[in-house]
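Chain naming here is simple, since letters A, B, ... match the order of the sequence lines and numbering starts at 1 in each.
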2 protein chains.
Amino acid sequence: MLPQGTQRHLGKHSGVTLSLNVNPTVESAVESAVDHRKGPRRRGEELERAILTAALEELTEVGYAGLTMERVAARARTSKAVLYRRWPGRAELVVDACKLRAVSDVDVPDTGALRTDVISLLQQVSAKMASALGGILRGLIAEMTRDPDFARMIRERVHTVGPATIHIILERAVERGEVEPWILESRRATVAIDLLRNQFLLYGAPVEDEVIRDIVDDVYLPLVLSPAPNRQAERALCDGLSS
Amino acid sequence: MLPQGTQRHLGKHSGVTLSLNVNPTVESAVESAVDHRKGPRRRGEELERAILTAALEELTEVGYAGLTMERVAARARTSKAVLYRRWPGRAELVVDACKLRAVSDVDVPDTGALRTDVISLLQQVSAKMASALGGILRGLIAEMTRDPDFARMIRERVHTVGPATIHIILERAVERGEVEPWILESRRATVAIDLLRNQFLLYGAPVEDEVIRDIVDDVYLPLVLSPAPNRQAERALCDGLSS
DNA sequence: CGGTTAAAGAACTGTCAGTTCTCTAATAGA
DNA sequence: TCTATTAGAGAACTGACAGTTCTTTAACCG
C-alpha cells in the first residue's frame, strides 16, 4: 500500500507514542495492540536445534514438497528472517535437518555370510521406510530425482544407504571367497538396493520379508555369488540352512 | 478489500458507464482501461488443444514442479476458470497433456533375438530421455515417486515404457526358446528398465550405448536367458554376431 | 554501563491457487 | 431471424507463501 520507505516514518510515530510514559495505561494499550517483541530469546545452537527440529516435524507431516519456510519458522517460534540468515533456502535447511536426525543411517550387518548380510541390510532399510521416516524418505528421493543439485547435496553431506554399505558387505564376501573381486566394480553390486528402492516407490512400505528374500535369492545372489557347478543345488542348500 | 458481494455493484457501475454511447471517445477510453472481453473465442477441441499444447511447453521449460495453472492459462490465452472447468488440478491437466504428446510411447522392437530387442528398446528410451522430453520425464518420475496417486493415474491413462513392452519382448523370446516361461512372472523381467531408469536419474542423459550394453550383457541376460552349459562361450558368440 | 549483534515480529511486494462475477461471443432451437 | 443458453475471456477477490526490509529490544561482550 504505502511505499516501503514510509515505514521509517511510521516507526517514528511509534517512538512518539512510547514517549508517553507519563501515562502507563495508554502505553500498555498501544503496545499490546501493536508489538510483542518483549520476551526471552534463544541464540546460537539452542535456536538452530529448535529450527531443525521444527523442520523435521514439518517434513514428517507434509513431506519435502509441502514444507514451507513460513510454517517452519512459526513452528520454531522464530522469524523467517532468522531462517534466511542461516540457510539460503528450503533445500539447505532440509539437508541440515536430515543430518541432525541421521535419517539415512543403518548399521552394517556382519553375519558371516553374504546372503544373510544383504537380507539384514534390506530389512533394516525396509523398517526405516515403514517408520515415520518413510514419508520423509519418499519426499527426499522424489526431490533428488527432480533436482540433481539437491541429490548431490544430499550425497555429499548426508550419509546415505546404498553403494557404501553394500560395498562393505561385498568386500567381506570377497575375503570369505563367496564373491569374486570383479563384482565390486560391476553394476551388479548395487542391484539389490536398486530393486528395494523400486519396490518402495512403486508399492509403498513396508516391503515384506518375502519380497526381500525374492530380491536376494531370485535376482541378487545369482548375479554376485561366485560361479558353482550347480546353482539350483546351492540355492536349495541355502534354503535348508535358513529354516 | 471490498467484500465479494459488492462486485455486482461495481458491474452495474460499468453498465452505467457503457451507456455513454453518445460519446464514442469517452467510451473507448473507459473500455480500453477496464475491459477487453470482445474478440473471437475458441471453443471445444480447438481450445483444449491450445491449453494442452501450452501445458506441454511449460512442462518442457520448467518441469512438473514449476508448472502453474496461471501461466498455462496465460500461455494459452485463456482464463484459469476455463482450465478448472475441465481439469480439477495440475496433475490431471499434465496427464492429459502427456497423452496428447505420446510422451512415453516407444516401438516394440522385433529383431529376432532377445539381446538385440532389449538393446534396441533401451536405446529408444535413452534417446527419448536425451531429447527435449528428458526434462518432462524427470519431472514426471519425480512426481510419481512423491505421489502414489499420481503414479497410478499415469500408469492407468498413459501408455508407459516398462513392464508392458518388456513383457512383449520376453514373450517372443519364450516362443523362440531363449527364455523359460517362469521368467515372465519373475522380478527379473523388469531389471533392465529399472537399471536404465536408475542410470538416467543418477547421471542424466544421454545414457551411452556402452552403458546400455553393460546393463544388458552384465546383468540382464545372465538373469533371464535359459541356462546353458557354458555361459561365457555363449556371450562370446553374441558379441561376435553383433560385430 | 555502553555499544554491538542478532532475535522476534511487523510489514511489504509479487506470485499463485482456487473461486466468483461480469460481459458477451458462439451455438442451438424455434 | 430471433431468442435463450452456454461457456469463453478477463477482472477481481481471499488467503498462502517466498523473500525482503525495517523496528524494537533481548543478549552478549568489553
Side-chain angles (χ1 to χ4, degrees), chain A residues 1-19 27 30-48 50-51 58 62 65-74 76-91 93, chain B residues 1-19 30-48 50-51 58 62 65-91 93:
Chain A
M1 194 167 291
L2 296 178
Q4 187 87 290
T6 61
Q7 263 199 358
R8 189 163 293 173
H9 181 67
L10 292 175
K12 282 179 176 172
H13 177 69
S14 298
V16 172
T17 303
L18 288 176
S19 69
E27 181 193 355
V30 172
E31 180 182 332
S32 172
V34 175
D35 206 333
H36 302 273
R37 249 166 298 202
K38 298 184 187 300
R41 303 180 186 185
R42 296 150 302 180
R43 276 181 163 243
E45 194 174 308
E46 179 193 4
L47 177 61
E48 279 166 31
I51 293 168
E58 284 289 314
V62 299
L67 180 135
T68 69
M69 299 297 264
E70 185 154 330
R71 280 210 314 278
V72 169
R77 274 181 288 108
T78 187
S79 86
K80 282 192 286 183
V82 170
L83 265 54
Y84 284 109
R85 284 173 64 93
R86 293 166 166 72
W87 295 284
R90 258 185 352 145
L93 172 62
Chain B
M1 189 170 289
L2 296 176
Q4 187 87 286
T6 60
Q7 262 200 1
R8 190 164 293 173
H9 181 69
L10 292 176
K12 280 178 179 173
H13 178 70
S14 299
V16 172
T17 305
L18 288 177
S19 68
V30 173
E31 183 180 330
S32 172
V34 175
D35 206 335
H36 303 273
R37 244 165 303 204
K38 297 184 188 301
R41 303 180 186 186
R42 297 149 302 179
R43 274 180 165 244
E45 195 173 307
E46 180 193 5
L47 176 62
E48 279 167 33
I51 293 168
E58 285 288 313
V62 299
L67 179 135
T68 69
M69 297 298 261
E70 187 153 324
R71 280 210 313 280
V72 170
R75 179 168 246 175
R77 275 181 287 103
T78 188
S79 85
K80 283 191 285 181
V82 170
L83 265 55
Y84 284 109
R85 282 171 68 91
R86 291 164 169 72
W87 296 281
R90 255 185 354 146
L93 171 63

| Partner set under side-chain contact (heavy atoms from CB on, under 4.5 Å) for A/Ala91, not counting sequence neighbours |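 Scan of A/Ala91 (side-chain contact (heavy atoms from CB on, under 4.5 Å), adjacent residues dropped) gives A/Tyr64, A/Phe150, A/Met153.
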| query | Residues in side-chain contact (heavy atoms from CB on, under 4.5 Å) with A/Arg42, at least two apart? | reply |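 Result, side-chain contact (heavy atoms from CB on, under 4.5 Å) vs A/Arg42: A/Glu46, A/Leu47, A/Ala50, A/Arg77, A/Thr78.
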Would you kindly give the [atom1]-to-[atom2] distance between [X] and [N], to the nearest whole Å?
X	N	atom1	atom2	answer
A/Arg77	C/dA10	CZ	P	15 Å
B/Glu70	C/dT19	CD	C1'	13 Å
B/Leu47	D/dT6	CG	P	18 Å
B/Glu45	D/dA7	CD	P	16 Å
A/Leu93	D/dG19	CG	P	12 Å
A/Ile51	C/dA6	CD1	C1'	12 Å
B/Met69	C/dT15	CE	C1'	16 Å

| query | Does B/Lys80 put a side-chain nitrogen or oxygen below 4.0 Å from OP1 or OP2 of C/dA17? | reply | no
| Are any of A/Thr78's side-chain N or O atoms less than 4.0 Å away from OP1 or OP2 of C/dA7? |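 No.
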| field | Listed partners of B/Arg71 passing salt bridge (charged side-chain N to carboxylate O under 4.0 Å, His left out), at least two apart | value | B/Glu58
| task | Just jot down the salt bridge (charged side-chain N to carboxylate O under 4.0 Å, His left out) partners of B/Arg41, sequence neighbours excluded, or say none. | result | none
Please tabulate the protein-to-nucleotide N/O contacts below 3.5 Å involving nucleotides 27-30 of chain D, giving atom names and distances.
| from | atom 1 | to | atom 2 | distance (Å) |
| --- | --- | --- | --- | --- |
| D/dA27 | OP1 | A/Arg41 | N | 2.5 |
| D/dA27 | OP1 | A/Arg41 | O | 3.4 |

| Which value, rounded to the nearest 0.5 Å, describes the distance between A/Met69 atom CE and A/Tyr84 atom OH? |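 Here the rounded value is 4.5 Å.
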| field | Distance (rounded to the nearest 0.5 Å) between B/Arg90 CZ and B/Leu83 CG | value |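 Here the rounded value is 12.5 Å.
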| task | For A/Ser79, answer base if it contacts any base atom (sugar-phosphate contacts may also be present), sugar-phosphate if it contacts only those atoms, and nothing otherwise; contact means non-hydrogen atoms under 4.0 Å. | result | base
| message | How close do A/Ser79 and A/Ala73 get, counting heavy atoms only, and between which atoms? | response | C-CB, 4.0 Å
| said: side-chain contact (heavy atoms from CB on, under 4.5 Å) for B/Ile51 and B/Val82? Distances and angles first, verdict last. | reply: CA-CA 10 Å; B/Ile51 293 168; B/Val82 170; 4.1 Å; yes
| field | Residues from residues 82-90 of chain B lying under 4.0 Å of DNA chain C - heavy atoms | value | B/Tyr84
